[in-house]
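First comes the structure, then the notes that go with it.
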Amino acid sequence: MPDSHRDNYQISAEAPVVAIVGATGAVGVEMIHCLEQRNFPLSRLKLLASPRSAGRRMKYKNEEITVQPLDESSFNDVDIALFSASGSVSRQYAPIAVKAGAVVVDNSSAFRMDPDVPLVVPEINAGEMKRHKGIIANPNCAAIISITPLWPVHQKNRVKRLIVSTYQSASGAGAAAMEELVESTRAYLEGREFKNTVLPHPYAFNLFNHNTAIDPETGYNDEETKVIAETKKIFGDKDIAVSATCVRVPVLRAHSVSMTFECENQIKASDVREMMKTAPGVRLVDDWEHNYFPMPKDASGQDDILVGRIRQDLSDPSGHSVTMFTAGDQLLKGAALNAVQIAELLLRVPTHG
């Protein structure tokens, strides 16, 4: 981990130069939108991508910006660098950006479990940013959508055990996976053969184990392992017991999560419902009468994580457990929005909307 030239977590520039690495990808595009929609006070925006994407023109506010190829000189005048590329790209270029004077907010898994790198969800542990050394990690999307609503509960009545099952959309695997879902669905409906090339299994009208490697010792896939480890780090609670099952489902955008959590003391579903009404970054959608609860179609394009289906866990007669369901936009709060919120905190600018 390189040391930053900065001795605190705040950026000194009132209107910083911001760079987006991976600007043409699904998350990169949403980062541009978030900066614009939230009126982030930047002086200049640099868009960086691989050489094959260089030269493209992308709109930001009333101007068109030419995408530049990422290289070692890309960060010489940059204050904040938002990375949304592969882990290998982050490992290569994030230290270069820090050395050049930028603070990096990295959306890959490259630095998340580095003990020297804060792993931040602003609604949960913004204070961790104070100890950064130039890089701040953006958590896994499924972890953010799972645990952000859980934080207010954990503060009042420690969650000692958490079991989550995720229903993860195509957007989590990028723009190419989203396109494969659309095209394979069209082919299926038209009775045509379709060969999947992005994801390992046919996607239309199908779901499958998350497309990451299985740990031969635990049997957990890499996504599940991330959710488990990152929950412990973000909550600052290494003793919380977590189990996860992560599944890819044929939804274009927005992940959903079913979770059951057990608290140290008895807890009522009605109390959790009240907490969700004022929880930051959360919107309660829990209409029993009309059977209307969080859905990815409603969560798509929304900043807030939708929470509902809040009920007592009947399998726990001790009264310590509650079950609920969430849906959140993977590209926004699960990625781009969270990164931009971190950048706002670097400037101490007020949140918007």
Identify every side-chain donor-acceptor pair in residues 45-56 under 3.5 Å, counting partners at least two apart or on other chains, and give the distances.
unit_1	atom_1	unit_2	atom_2	d
Lys46	NZ	Ser74	O	2.6
Lys46	NZ	Asp77	OD1	3.4
Ser53	OG	Thr24	OG1	3.4

Q) Which pair of non-hydrogen atoms, one from Ile342 and one from Met129, has the smallest distance, and what is that distance? A) O-CE, 3.5 Å
Q. Rounded to the nearest 0.5 Å, how far does OG1 of Thr260 lie from CZ of Arg161?
A. 9.5 Å
Q | Main-chain N/O of Ile145 paired to Thr148 side chain as donor or acceptor, under 3.5 Å | A | no
Q. Under 3.5 Å, side chain of Arg309 to main-chain N/O of Phe293, donor-acceptor pair present?
A. no
**Q.** Residue pairs passing the salt bridge (Lys or Arg N to Asp or Glu O under 4.0 Å) test where at least one lies in residues 247-256, sequence neighbours excluded
**A.** Glu30-Arg253, Arg253-Asp329
**Q.** Ala15 to Ser43 - nearest heavy-atom pair and separation
**A.** O-OG, 2.9 Å
Q.
What I want to check is whether the side chains of Tyr167 and Ser258 have a donor and an acceptor closer together than 3.5 Å.
A. no
(Q) As a test of understanding, state which of Val307, Ile267, Leu150, Asn157 forms a side-chain contact (heavy atoms from CB on, under 4.5 Å) with Val272. (A) Ile267
Q. Under the side-chain hydrogen bond (donor to acceptor under 3.5 Å, both in side chains) test, which residues partner Gln68, sequence neighbours left out?
A. none
Q) Which atom pair, heavy atoms only, marks the closest approach of Pro250 to Leu207? A) CD-CB, 4.2 Å
Q. Do the non-hydrogen side-chain atoms of Phe261 and Val153 ever get within less than 4.5 Å of each other?
A. yes
Q. Going by atom types alone, do Ser169 and Gln330 pair a side-chain donor with an acceptor below 3.5 Å?
A. no
Q.
Donor-acceptor check, side chain of His154 to backbone of Val159, threshold 3.5 angstrom: yes or no?
A. yes
Q) Looking at Met178 and Leu252, what are the two nearest heavy atoms and their distance? A) O-CD2, 3.5 Å
Q.
Tell me if the centroids of the rings in Phe205 and Tyr188 come within less than 6.0 Å of each other.
A. yes
Q. Between the side chain of Asn140 and the main-chain N/O of Val227, is any donor-acceptor distance below 3.5 Å?
A. no
Q) How many angstroms lie between atom CZ of Arg273 and atom CG of Leu284, to the nearest 0.5 angstrom? A) 7.5 Å
Q) Does a salt bridge link Asp237 with Arg158, judged by any charged N lying under 4.0 Å from a carboxylate O? A) yes
**Q.** Flag if over 12 foreign heavy atoms under 6.0 Å of NZ, Lys61
**A.** yes
Q.
Less than 4.5 Å apart, side chain to side chain, heavy atoms only: is that true for Asn196 and Ser184?
A. no
Q.
Looking at Asn211 and Pro200, would you say the former's side chain and the latter's main chain have a donor-acceptor pair under 3.5 Å?
A. no
Q: State whether the side chain of His255 and the backbone N or O of Gly328 hold a donor-acceptor pair below 3.5 Å, judged by distance alone.
A: no
**Q.** Donor on one side chain, acceptor on other, Gln341 and Lys333, under 3.5 Å
**A.** yes
Q) Does anything in residues 207-224 pair up under salt bridge (Lys or Arg N to Asp or Glu O under 4.0 Å), and if so which pairs, sequence neighbours excluded? A) Asp222-Lys226
Q | Qualifying salt bridge (Lys or Arg N to Asp or Glu O under 4.0 Å) pairs with a residue from residues 167-184, counting only residues at least two apart or across chains | A | Glu183-Arg186
(Q) Tell me if the CD atom of Glu72 is crowded by more than 12 foreign heavy atoms within 6.0 Å. (A) no
Q: Using modelled atom types only, decide if a donor and an acceptor are shared between the side chain of Lys232 and the backbone of Val242 within a distance under 3.5 Å.
A: no
Q.
Looking at every heavy atom in both Gly301 and Leu332, which two are closest together, and how far apart are they?
A. C-CD1, 3.6 Å
Q. Taking NZ, NE, NH1 and NH2 as the nitrogens, is one of them in Glu264 or Lys160 under 4.0 Å from a carboxylate oxygen of the other?
A. no
Q. For Ala336, does its backbone N or O pair with a side-chain atom of Asn107 as donor and acceptor, under 3.5 Å?
A. no
Q) Hey, does the side chain of Tyr203 reach the backbone of Val198 with a donor-acceptor pair shorter than 3.5 angstrom? A) no
Q.
Given Val251, which partner from the list Ser171, Ser300, Pro296 fulfils the side-chain contact (heavy atoms from CB on, under 4.5 Å) test?
A. Pro296
Q. Is the centre of the Phe75 ring less than 6.0 Å from the centre of the Phe83 ring?
A. yes
Q. So, the side chain of Asn125 versus the backbone of Glu128: is there a donor-acceptor pair under 3.5 Å, distance only?
A. no
Q. How long is the span from the CG atom in Asp116 to the CZ atom in Arg131, to the nearest 0.5 Å?
A. 7.0 Å
Q: Answer yes or no: is there a side-chain heavy-atom contact under 4.5 Å between Leu347 and Phe40?
A: yes
Q) What distance do Asp313 atom CG and Thr323 atom OG1 have between them, rounded to the nearest 0.5 Å? A) 4.0 Å
Q) Does any donor atom in the side chain of Asp106 or Ser90 lie under 3.5 Å from an acceptor atom in the other side chain? A) yes
**Q.** salt bridge (Lys or Arg N to Asp or Glu O under 4.0 Å): pairs with one or both residues in residues 80-91, sequence neighbours excluded
**A.** none
**Q.** Rounded distance [0.5 Å steps], CD1 in Ile144 versus CD1 in Ile305
**A.** 7.5 Å
Q: Rounded to the nearest 0.5 Å, what's the gap from CG on Asp304 to CG on Asp298? Could you check?
A: 12.5 Å
**Q.** Intermediate values then yes/no, side chain to side chain contact (heavy atoms under 4.5 Å, CB included), Met58 and Val29
**A.** CA-CA 9 Å; Met58 303 182 72; Val29 169; 3.8 Å; yes
Q | Distance-minimising heavy-atom pair for Cys246 and Thr166 | A | CA-OG1, 3.0 Å
